Amino acid sequence: QVVFALNQTLLQQESLRAGNFQIPYTTEDLIKHYNCGDLSSIIFNHDTSQVPNFINATLPAHERITAQEIDSYFRQELIYKRNERMGRRVKDLLEEYPDKSFFFAFGAGHFMGNNTVIDVLRREGYEVEHTPAGQAI
(Lines give C-alpha, C1' and ligand atoms only; values in the text may rest on other atoms or scores of the structure.)
Protein backbone atom coordinates (compact mmCIF):
# COMPACT_ATOMS: atom_id res chain seq x y z
CA GLN A 1 0.00 0.00 0.00
CA VAL A 2 2.85 2.38 0.77
CA VAL A 3 4.50 1.73 -2.60
CA PHE A 4 1.14 2.17 -4.34
CA ALA A 5 0.49 5.47 -2.50
CA LEU A 6 3.95 6.79 -3.37
CA ASN A 7 3.58 5.82 -7.03
CA GLN A 8 0.15 7.43 -7.29
CA THR A 9 1.40 10.61 -5.61
CA LEU A 10 4.34 10.81 -8.02
CA LEU A 11 2.04 10.21 -11.01
CA GLN A 12 -0.28 13.00 -9.85
CA GLN A 13 2.64 15.38 -9.36
CA GLU A 14 4.01 14.55 -12.81
CA SER A 15 0.58 15.15 -14.36
CA LEU A 16 0.28 18.43 -12.47
CA ARG A 17 3.68 19.61 -13.72
CA ALA A 18 2.89 18.55 -17.28
CA GLY A 19 -0.38 20.50 -17.17
CA ASN A 20 -2.50 17.37 -17.66
CA PHE A 21 -4.10 17.65 -14.22
CA GLN A 22 -5.41 20.66 -12.36
CA ILE A 23 -6.48 21.06 -8.77
CA PRO A 24 -10.16 22.11 -8.80
CA TYR A 25 -9.48 25.05 -6.48
CA THR A 26 -6.61 27.36 -5.64
CA THR A 27 -5.10 28.41 -2.34
CA GLU A 28 -6.77 31.77 -2.88
CA ASP A 29 -10.15 29.99 -3.16
CA LEU A 30 -9.52 28.24 0.16
CA ILE A 31 -8.55 31.50 1.88
CA LYS A 32 -11.56 33.36 0.46
CA HIS A 33 -14.06 30.71 1.57
CA TYR A 34 -12.41 30.36 4.97
CA ASN A 35 -12.37 34.13 5.61
CA CYS A 36 -16.01 34.40 4.54
CA GLY A 37 -16.96 31.65 6.99
CA ASP A 38 -18.15 29.51 4.12
CA LEU A 39 -17.01 26.21 5.58
CA SER A 40 -19.92 24.41 3.93
CA SER A 41 -18.49 25.31 0.52
CA ILE A 42 -17.99 22.39 -1.84
CA ILE A 43 -14.24 23.00 -1.43
CA PHE A 44 -14.39 22.20 2.27
CA ASN A 45 -17.03 19.50 2.10
CA HIS A 46 -14.89 16.55 1.05
CA ASP A 47 -13.65 14.15 3.72
CA THR A 48 -10.47 13.62 1.74
CA SER A 49 -9.73 17.27 1.00
CA GLN A 50 -6.71 17.10 3.30
CA VAL A 51 -5.09 13.98 1.91
CA PRO A 52 -4.09 12.84 -1.56
CA ASN A 53 -6.84 11.31 -3.67
CA PHE A 54 -5.68 7.97 -5.04
CA ILE A 55 -9.04 6.77 -6.38
CA ASN A 56 -9.71 7.30 -10.07
CA ALA A 57 -11.66 5.51 -12.76
CA THR A 58 -8.57 4.61 -14.81
CA LEU A 59 -7.17 2.26 -12.17
CA PRO A 60 -7.50 -1.49 -12.66
CA ALA A 61 -9.99 -3.11 -10.24
CA HIS A 62 -7.35 -4.52 -7.86
CA GLU A 63 -5.59 -1.15 -7.65
CA ARG A 64 -8.90 0.65 -7.11
CA ILE A 65 -9.50 -1.57 -4.05
CA THR A 66 -6.02 -0.68 -2.73
CA ALA A 67 -6.75 3.01 -3.34
CA GLN A 68 -10.07 2.77 -1.45
CA GLU A 69 -8.34 1.03 1.49
CA ILE A 70 -5.67 3.75 1.65
CA ASP A 71 -8.27 6.51 1.35
CA SER A 72 -10.29 4.98 4.18
CA TYR A 73 -7.19 4.62 6.36
CA PHE A 74 -6.11 8.24 5.77
CA ARG A 75 -9.60 9.56 6.43
CA GLN A 76 -9.92 7.64 9.68
CA GLU A 77 -6.40 8.05 11.06
CA LEU A 78 -5.33 11.45 9.77
CA ILE A 79 -8.61 13.32 9.84
CA TYR A 80 -11.35 11.86 12.03
CA LYS A 81 -9.23 10.63 14.92
CA ARG A 82 -7.08 13.76 14.94
CA ASN A 83 -10.09 16.06 15.06
CA GLU A 84 -11.74 13.93 17.75
CA ARG A 85 -8.61 14.21 19.92
CA MET A 86 -8.36 17.95 19.43
CA GLY A 87 -12.08 18.49 20.06
CA ARG A 88 -11.89 16.44 23.27
CA ARG A 89 -8.88 18.47 24.44
CA VAL A 90 -10.80 21.71 23.91
CA LYS A 91 -13.86 20.29 25.68
CA ASP A 92 -11.74 19.04 28.61
CA LEU A 93 -10.10 22.44 29.06
CA LEU A 94 -13.44 24.24 28.94
CA GLU A 95 -14.91 21.88 31.52
CA GLU A 96 -11.84 21.88 33.77
CA TYR A 97 -11.68 25.69 33.88
CA PRO A 98 -15.28 26.90 33.49
CA ASP A 99 -14.51 30.42 34.82
CA LYS A 100 -11.68 31.07 32.36
CA SER A 101 -11.81 32.51 28.86
CA PHE A 102 -10.04 30.70 26.07
CA PHE A 103 -8.91 31.46 22.57
CA PHE A 104 -8.20 28.39 20.42
CA ALA A 105 -6.45 28.69 17.07
CA PHE A 106 -6.24 25.76 14.67
CA GLY A 107 -4.83 25.27 11.22
CA ALA A 108 -7.35 25.41 8.39
CA GLY A 109 -7.19 21.63 7.97
CA HIS A 110 -9.07 21.19 11.22
CA PHE A 111 -12.09 22.95 9.71
CA MET A 112 -12.21 21.19 6.34
CA GLY A 113 -14.49 18.38 5.31
CA ASN A 114 -16.71 16.38 7.61
CA ASN A 115 -16.06 15.48 11.26
CA THR A 116 -14.12 18.67 11.93
CA VAL A 117 -13.10 19.99 15.35
CA ILE A 118 -16.17 22.24 15.12
CA ASP A 119 -18.40 19.21 14.46
CA VAL A 120 -16.93 17.44 17.50
CA LEU A 121 -17.62 20.43 19.76
CA ARG A 122 -21.14 20.95 18.41
CA ARG A 123 -21.92 17.27 19.07
CA GLU A 124 -20.84 17.93 22.66
CA GLY A 125 -23.39 20.76 22.87
CA TYR A 126 -21.09 23.75 22.37
CA GLU A 127 -22.00 26.72 20.20
CA VAL A 128 -19.18 27.61 17.84
CA GLU A 129 -19.13 30.89 15.91
CA HIS A 130 -16.92 32.00 13.04
CA THR A 131 -14.94 35.19 13.57
CA PRO A 132 -14.45 36.89 10.19
CA ALA A 133 -11.06 38.27 9.23
CA GLY A 134 -10.55 41.75 10.65
CA GLN A 135 -13.24 41.45 13.30
CA ALA A 136 -12.13 42.31 16.83
CA ILE A 137 -12.36 39.49 19.33
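For this chain, numbers begin at 1 and follow the sequence in order. The analysis underlying the following values was restricted to heavy atoms, covering all of them including side chains, and did not include hydrogens, waters or symmetry mates. Please read these numbers as outputs of a predicted model, since none were measured by experiment.
- Annotation: side chain to side chain donor-acceptor pair (under 3.5 Å) contacts of E95 (sequence neighbours excluded): K91.
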Using a 3.5 Å cut-off and no angle test, enumerate the donor-acceptor pairs between side-chain atoms of residues 121-128 and protein atoms at least two apart in sequence or in another chain.
from, atom 1, to, atom 2, distance (Å)
R122, NH2, V128, O, 2.9
R123, NH2, E84, OE2, 2.3

Exercise. Verify side chain to side chain contact (heavy atoms under 4.5 Å, CB included) between F106 and T116, making sure each step is shown before the conclusion.
Key: CA-CA 11 Å; F106 299 98; T116 67; over 6 Å; no
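- Checking side-chain atoms of D92 against main-chain N and O of R89 turns up no donor-acceptor pair under 3.5 Å.
- Applying the side chain to side chain donor-acceptor pair (under 3.5 Å) test to T66 and every residue at least two apart in sequence or in another chain returns nothing.
- Between the side chain of N83 and the backbone N or O of N115 there is at least one donor-acceptor pair closer than 3.5 Å.
- When the side chain to side chain donor-acceptor pair (under 3.5 Å) test is applied to E69, the partners found at least two apart in sequence or on another chain are Q1.
- Contact record, M86 with V117: CB-CG2, 4.0 Å, taken as the closest heavy-atom pair.
- Partners of F102 according to the ring-ring contact (aromatic ring centres under 6.0 Å, His included) rule, which considers only residues two or more places apart in sequence or in another chain, are F104.
- Hydrophobic clustering of Ile, Leu, Val, Met, Phe, Trp and Tyr side chains at less than 4.5 Å, counting indirect connections, unites L94 with I118.
- Residues satisfying the side chain to side chain contact (heavy atoms under 4.5 Å, CB included) criterion with E14, sequence neighbours excluded, are L11.
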